[in-house]
Each structure stands twice: as C-alpha cells, then as structure tokens.
Amino acid sequence: MEPHRHSSTPHLVDLVVYPGFKALEAVGPMSVFDYANVHLRRHGRPDGYAVRVAAAQAGPVRSDTLMALEATHTLAELEQQGAGCTVLLVGSRDIEQVLAASADLVAWAGRVAPRVARMIALCSGSFFLAEAGLLDGRRAATHWSVAGLLRQRYPAIDVDADAIYVRDGHLWTSAGVTAGIDLALAVVEEDFGHDLALEVARDLVMYLKRPGGQSQFSVQLASQRTAHRDIQAVQNWVLDHLADPMPMSVLAARAAMSERHFRRIFQQETGQTPSAFVESARLEGARRLLELQVSLPLKTVAARVGLGSEQALRHLVVRHLGITPQAYRERFGGPARR
C-alpha cells in the first residue's frame, strides 16, 4: 500500500505496543499526527492520519511509566484484515529482556513488513526488525546506548550510531525518545509537504526540524559530559566565544597545559581532537543561526561563528550536512528573529 498524499482517505498508522514500551516514544509521534490533522482541518482539508493502537491482546498495555495505552486491535487482526500503510514499533528500556519474550512480535513484523508502505522502528525497536532479518545489508539507527549491542548481535547491519533517524527503502529507524518526533515530522513532510510539517513543529515548540543525519548529541551536551574540569572549562569557553580565533596555543593556554599535553588529554577525555570539537561547535552555532535568524546575511552568520567567509561557511555546512547554508535555512528555518 502506498501513501496517497492527495487522497481524502487518511493514512492508517498502526502503533504497536507491548508491556514496558517507552511511553514518550509512542505519545510523541501520535501527537505529531494529531497536530497534522488539526492543521489540515484549518486549511479546509480532511484528516491526514488515523492512528490505531495494536498489541498482542486488546486492552490496556502498561508502558515504562504510570501511563497505559488502550490497544483496540490485536496483531492477529491486523495481519488478517490488513495493516495500515505505516506500522510503527516503539522501543523499550530493557530491549534484551523484551526481545527474548517477543518471538511472536518479531515473526509478525517479518511477515507484515513487505506488505506496508512504511515499517518504522523507534529507538531500540530496531531490534525487532533486526531479529526478523529485515535490516540485513541496510543502514539503521537506534539509541546510542544500545548501538554497540545492535552492531554486535547483527553484524550484517550498517549501524549508524549517531543519526537521528535513517530511512533505507521503506524501513525507517530512529534514535531514542524525542528522535521519534523528528522521524514523525519527516513522515508528515513526505505525505503532505514541508509547510505542514513545519507548522506542526512550531506547534510543538520545535523551531528546528532536525534532519535525519544530524548527530544525536549537541555539542553543549557533549561538553557537560566531560569529567575533566579544565577540559570542560575550555569547551565552555569555546561555546561562548565562537567568533574568536582558536589556535591550539590559545586553547592549551586556557587549560594551563602544553599544546602536546592538552591535545592528548582533550582526546582522551572527549574522544575527539580539540580542532574537531571547535569545528562541531561552529557548525552547531551556524545551524542555530540559520534556523532561528532567517534574515541574517550568510556572511554575518559566518563571522559570528568564527568562520572567515561565506565560502568557509558553505564548505563546512555542505561537508557535514550535505546541503548549502541557504538550502538548509529554507528547509529548517523557523520564524525570523532579530
């Protein structure tokens, strides 16, 4: 079944849950599809999505929180009557334990996947598709904390441990929790266009719609995870002074270390070189300006993040994100701010 962007019939989305599923990973995408319907109605159009909750048995299914979702359909019913054009499997905190008890769900996914337009696995839900053999020879994303386990258990999968989400054919996988919202927004964009997806993102106070290839970690978050106080101080200084020149000598001096010692300790503590961290920080700063200050000239964006020219900005953005700064701004920019 293929999605019908201009059809008056809503896209049928089957959200598959099981005891211990991650509540936010289910509710986040559900909210995206609900907000999409709201905006379509505002434009005088029919609802674009109809979401059903399915499980092995009908009835309330307890999540990893105090919340439960009411399964109105069983997996057997969906297989007999026809699943929706999109099937969405959510993840679990204890995926190994759940997977060991989910042979029926794995087999069901293997049988249903070829019949649907999109089979989506959020976070550790990718393990269900992996166990069914659906991801062999394909790229896939998952939560960073279990990426190594996914790679170890299923060596035939090209695991992208850093991506927000990955689409390989009709199979979609994502990183953890809020990345499911990013993926759901990408689904809305595919079905109904960029403008509607952006309206939904703004309603959810997500001014930026993160592209799938973006890192799961912000540079700011990475700096907060650094244990070495002097190295963290240098990282924080970099983030606060992106426009300043940052030769190795300046960074090392701020840590009161020799350049050689600083480079070694920085790599040891952060897993990347000082120059790589500076480049990542400047890229993230440029992205933020492109997303939130859409009227700012590109040469000013370049200057504010310490890049010498608009050409240098273009080179950095294209190398890491695969599109030009202007194209990135047009695709992910929010309301103009001064």
Side-chain angles (χ1 to χ4, degrees), residues 10-38 47-113 116-129 131-132 142-143 146 165 171-188 191 200 203-206:
H11 300 272
L12 187 56
V13 178
D14 286 320
L15 177 66
V16 177
V17 295
Y18 47 84
F21 71 92
K22 285 188 178 182
L24 187 55
E25 288 179 4
V27 174
M30 286 175 63
S31 297
V32 169
F33 298 134
D34 183 63
Y35 274 96
N37 286 341
V38 170
D47 284 1
Y49 296 98
V51 179
R52 304 186 297 192
V53 179
Q57 297 180 343
V61 182
R62 184 72 174 267
S63 72
D64 61 341
T65 69
L66 297 176
M67 186 184 73
L69 286 181
E70 185 80 15
T72 57
H73 293 72
T74 67
L75 299 181
E77 288 172 344
L78 296 189
E79 189 170 1
Q80 292 171 1
Q81 301 170 7
C85 63
T86 297
V87 172
L88 197 154
L89 293 165
V90 298
S92 168
R93 294 183 187 181
D94 303 308
I95 189 58
E96 287 186 280
Q97 180 179 345
V98 169
L99 192 63
S102 301
D104 290 345
L105 176 55
V106 170
W108 180 88
R111 293 191 299 269
V112 169
V116 299
R118 282 184 296 242
M119 175 67 80
I120 297 172
L122 304 180
C123 189
S124 57
S126 57
F127 280 75
F128 297 120
L129 303 189
E131 185 69 16
T142 192
H143 192 278
V146 292
Y165 61 85
L171 301 179
W172 301 51
T173 52
S174 82
V177 195
T178 57
I181 297 177
D182 294 289
L183 186 149
L185 286 168
V187 169
V188 171
D191 292 340
V200 174
D203 263 1
L204 296 173
V205 198
M206 294 178 62

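With sequence neighbours left out, the side-chain hydrogen bond (donor to acceptor under 3.5 Å, both in side chains) criterion links Ser126 to Thr142. The side-chain hydrogen bond (donor to acceptor under 3.5 Å, both in side chains) test applied to Ser63 returns Thr65, not counting sequence neighbours. Partners of Arg93 under the salt bridge (Lys or Arg N to Asp or Glu O under 4.0 Å) rule, at least two apart in sequence or in another chain, are Asp64. In terms of the side chain to side chain contact (heavy atoms under 4.5 Å, CB included) criterion, residue partners of Ala54 (sequence neighbours excluded) are, by chain and number, His73, Leu75, Leu78. For Asp203, the side-chain hydrogen bond (donor to acceptor under 3.5 Å, both in side chains) criterion is met by His39, not counting sequence neighbours. Remark: Phe33 pairs with Tyr49 by the ring-ring contact (aromatic ring centres under 6.0 Å, His included) rule, at least two apart or across chains. Every residue two or more places apart in sequence or in another chain that forms a side chain to side chain contact (heavy atoms under 4.5 Å, CB included) with Glu96 is listed here: Leu149, Arg153. Annotation: side chain to side chain contact (heavy atoms under 4.5 Å, CB included) contacts of Ala101 (sequence neighbours excluded): none.
Between the CZ atom of Arg118 and the CG atom of Asp191 there is a distance of 4.0 Å, given to the nearest 0.5 Å. Atoms CG and CE, on Leu24 and Met67 in that order, are 8.5 Å from each other to the nearest 0.5 Å.
Nearest heavy-atom pair, Ala55 versus Val61, reported as atom, atom and distance to 0.1 Å: CB-CG2, 3.8 Å. Listed here is the closest heavy atom pair of Cys123 and His143: SG-CB, 3.5 Å. For the pair Asp14 and Gly84, the tightest heavy-atom approach, listed with the atom from each and the gap, is OD2-N, 2.6 Å. Contact record, Leu122 with Pro29: CD1-CG, 3.7 Å, taken as the closest heavy-atom pair. Ile181 and Gly28 make their closest contact through CG1-CA, 3.8 Å (heavy atoms, listed as atom of the first residue, atom of the second, distance). Closest of all the heavy-atom pairs between Leu15 and Leu88 is CD1-CD2, 3.4 Å.
Residue pairs meeting the side-chain hydrogen bond (donor to acceptor under 3.5 Å, both in side chains) criterion with at least one member in residues 15-32: none, sequence neighbours excluded. For residues 103-112, the side-chain hydrogen bond (donor to acceptor under 3.5 Å, both in side chains) pairs, not counting sequence neighbours, are Glu79-Arg111.
Residue Glu70 qualifies as enclosed at atom CD: its count of foreign heavy atoms under 6.0 Å is above 12.
When atom types are taken as modelled, the side chain of Asn37 and the backbone of Asp47 share no donor-acceptor pair closer than 3.5 angstrom.
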Kindly indicate, with the supporting measurements, whether the criterion side-chain contact (heavy atoms from CB on, under 4.5 Å) is fulfilled by Val112 and Met119. CA-CA 9 Å; Val112 169; Met119 175 67 80; 4.2 Å; yes
Would you sort out whether Trp172 and Val187 count as a side-chain contact (heavy atoms from CB on, under 4.5 Å), showing the intermediate values? CA-CA 10 Å; Trp172 301 51; Val187 169; 4.0 Å; yes
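At a threshold of 4.5 Å between non-hydrogen side-chain atoms, the residues Val98 and Phe128 count as touching.
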